[in-house]
Amino acid sequence: MLSLSEELRRIPAFADLPHEDLEWLAGRMSVRDIAAGEIFIRAGDPAQFLCVILEGETQGHSETGGTGRSFVARAGDVTGMLPFSRLTVFPLTSRAILPTRVALLDKKHFPEMLERVPALGQRLVSIMSDRIREVTKMDVQREKMMALGKLSAGLAHELNNPATAARRAASSLKDAVKELRAATIRIDEHTLTPPQRAMLTCVERELADRTESSVLDSLDRSDREERMTEWLGRHGIEKTWELSASLVESGFDVGCLEQVAGEFPNELLEDALTRVTAGVTVDRLAGDIENSTGRIAELVQAIKEYSYMDQMPEQEIDVTKGIESTLTMLWHRLKHGISVEREYEPKLPPVCARGSELNQVWTNLIDNAADAMDGKGQLRIRTARELGFVLVEIGDNGPGIPKEIQDRVFEPFFTTKGAGQGTGLGLDMVYRIVRAHRGEVALKSKPGDTRFQVRLPAAH
């Protein structure tokens, strides 16, 4: 069986250390065997020891705002508390995935270890730096996925409404066409005079124009249907309630009925009215389908513009267009109580940028503003040209950010939201994207007036 110092020799971080240094480390380490499935570190435990995985495999897992963060440590890895780390408690609960052996070094030995083996200190600091980069990378990716999830859910809802409306209108259109065809066949069994045919055409055209602008509340609609029913009953027409609803929906009033009745005898009147209402219904439903599919097309176009699909990564970007596509993507967050006030520079120069990244900036700032106002308030967006820069200002009339923490809002993991409501990476992402585009971002905030100002170099 290998001694602990010999086992440490097989760990990459310790492989080339002198024998006496390995013996020193082994003499101060304790070894622990962990069964598969057993927890050996719980989130919140004091960070007291460096951990070397000699055999097996462990997994650390935590839940932050409902989104898991998971890390795997395998044989040969050095983890746990590391020198110069400011970790005070372990953030993860670690469980053995396989039967595992670990060597633990209490942090009270760190000063002597760093003095005795300076090269090992440098390696452990490098391991800590790699770990920090990995954690940050995973948290940024998780933040992006959370934002994408919210956008996707909202967009699915926005797409579902017009899609459902179009499907419903298409179903009704089939019934209306069938009714129109049947009424036309019945009318064609009679010989209509030219004035009668002209009357049908004139009434259909007049009602088509009238229904585009007529909107009735439920009380007016009910009163009009009742009057229609009485009129139809007096003229010996069956199915009065069914036809009266169609007549009101088509824009008929009693005067229009009297006009049609003056040209058609009672035996043709019901078919004539059915033919006219069915024709108007077909036009209206076709318009509904056009509007619904048009809305779907607008949303799809907004997605393409938001993500800059099929376009070069960096190009001259119309900032105003990007903001508008972002507002479309976030409309589900704004439409229930947030008004949007726009003040756009009419001839704003483009900026040379990666458009999808800039849209992440606008998404984070607008989403933060909506959160700050708790879904009710005024969102203000202004663009302007300032010397060689394009200014984008996104503001809200929420409670503001306390002065004492304003200098920290762009720090990674710093958040003003409650526990579980955010990772604190949104504004850090804004800061890094803007700086990568050679720009600047600043905050001005007081109660009722918070403004984030983004300045980007103009392309020309």
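Any value given below was found using the heavy atoms of this structure, including those in side chains, with hydrogens, waters and symmetry copies removed. Just so you know, residue 1 is the first one in the sequence shown, and it goes up from there.
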With a 3.5 Å cut-off and sequence neighbours excluded, list the donor-acceptor pairs that the side chains of residues 39-56 form with protein atoms.
from, atom 1, to, atom 2, distance (Å)
Asp45, OD2, Arg42, N, 3.0

Please confirm whether the backbone N or O of [Y] pairs with a side-chain atom of [X], one donor and one acceptor, at under 3.5 Å?
X: Ser445; Y: Ile401; value: yes
X: Arg95; Y: Gln59; value: no
X: Ser126; Y: Gln122; value: no
X: Ser339; Y: Gln378; value: no
X: Ser171; Y: Arg167; value: no
X: Ser85; Y: Met81; value: no

Find out whether [X] and [Y] are in side-chain contact, i.e. whether some heavy atom of one side chain is under 4.5 Å from a heavy atom of the other.
X: Met329; Y: Thr363; result: no
X: Leu358; Y: Val392; result: no
X: Arg380; Y: Asp449; result: yes
X: Leu124; Y: Phe84; result: no
X: Asn364; Y: Leu427; result: no

Output the distance between atom CG (Asp33) and atom OG1 (Thr100), rounded to the nearest 0.5 Å.
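These two atoms lie 9.0 Å from each other.
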Going by the side chain to side chain contact (heavy atoms under 4.5 Å, CB included) test, name the single residue among Leu114, Leu120, Ile127 that passes it with Pro83.
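Exactly one candidate clears the test, Leu114.
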Using a 3.5 Å cut-off and no angle test, enumerate the donor-acceptor pairs between side-chain atoms of residues 10-29 and protein atoms at least two apart in sequence or in another chain.
from, atom 1, to, atom 2, distance (Å)
Asp16, OD1, Arg123, NH1, 2.6
Asp16, OD1, Arg123, NH2, 2.7
Asp16, OD2, Arg123, NH2, 2.7
His19, NE2, Glu23, OE2, 3.4
Asp21, OD1, Arg116, NE, 3.3
Glu23, OE2, Ser5, OG, 2.9
Trp24, NE1, Glu112, OE2, 3.3
Arg28, NH1, Trp24, O, 3.0

Parallel, tilted or perpendicular: which describes the rings of Tyr431 and Phe410, with under 30° parallel and over 60° perpendicular?
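The arrangement is tilted - the two ring planes meet at 30° to 60°.
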Over 12 non-hydrogen atoms of neighbours within 6.0 angstrom of CZ in Arg342
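For Arg342, atom CZ is crowded (more than 12 foreign heavy atoms under 6.0 Å).
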Tell me every residue that passes side-chain contact (heavy atoms from CB on, under 4.5 Å) with Ser292, counting only those two or more places apart in sequence or in another chain.
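Expected list: Pro162, Ala165, Ala166.
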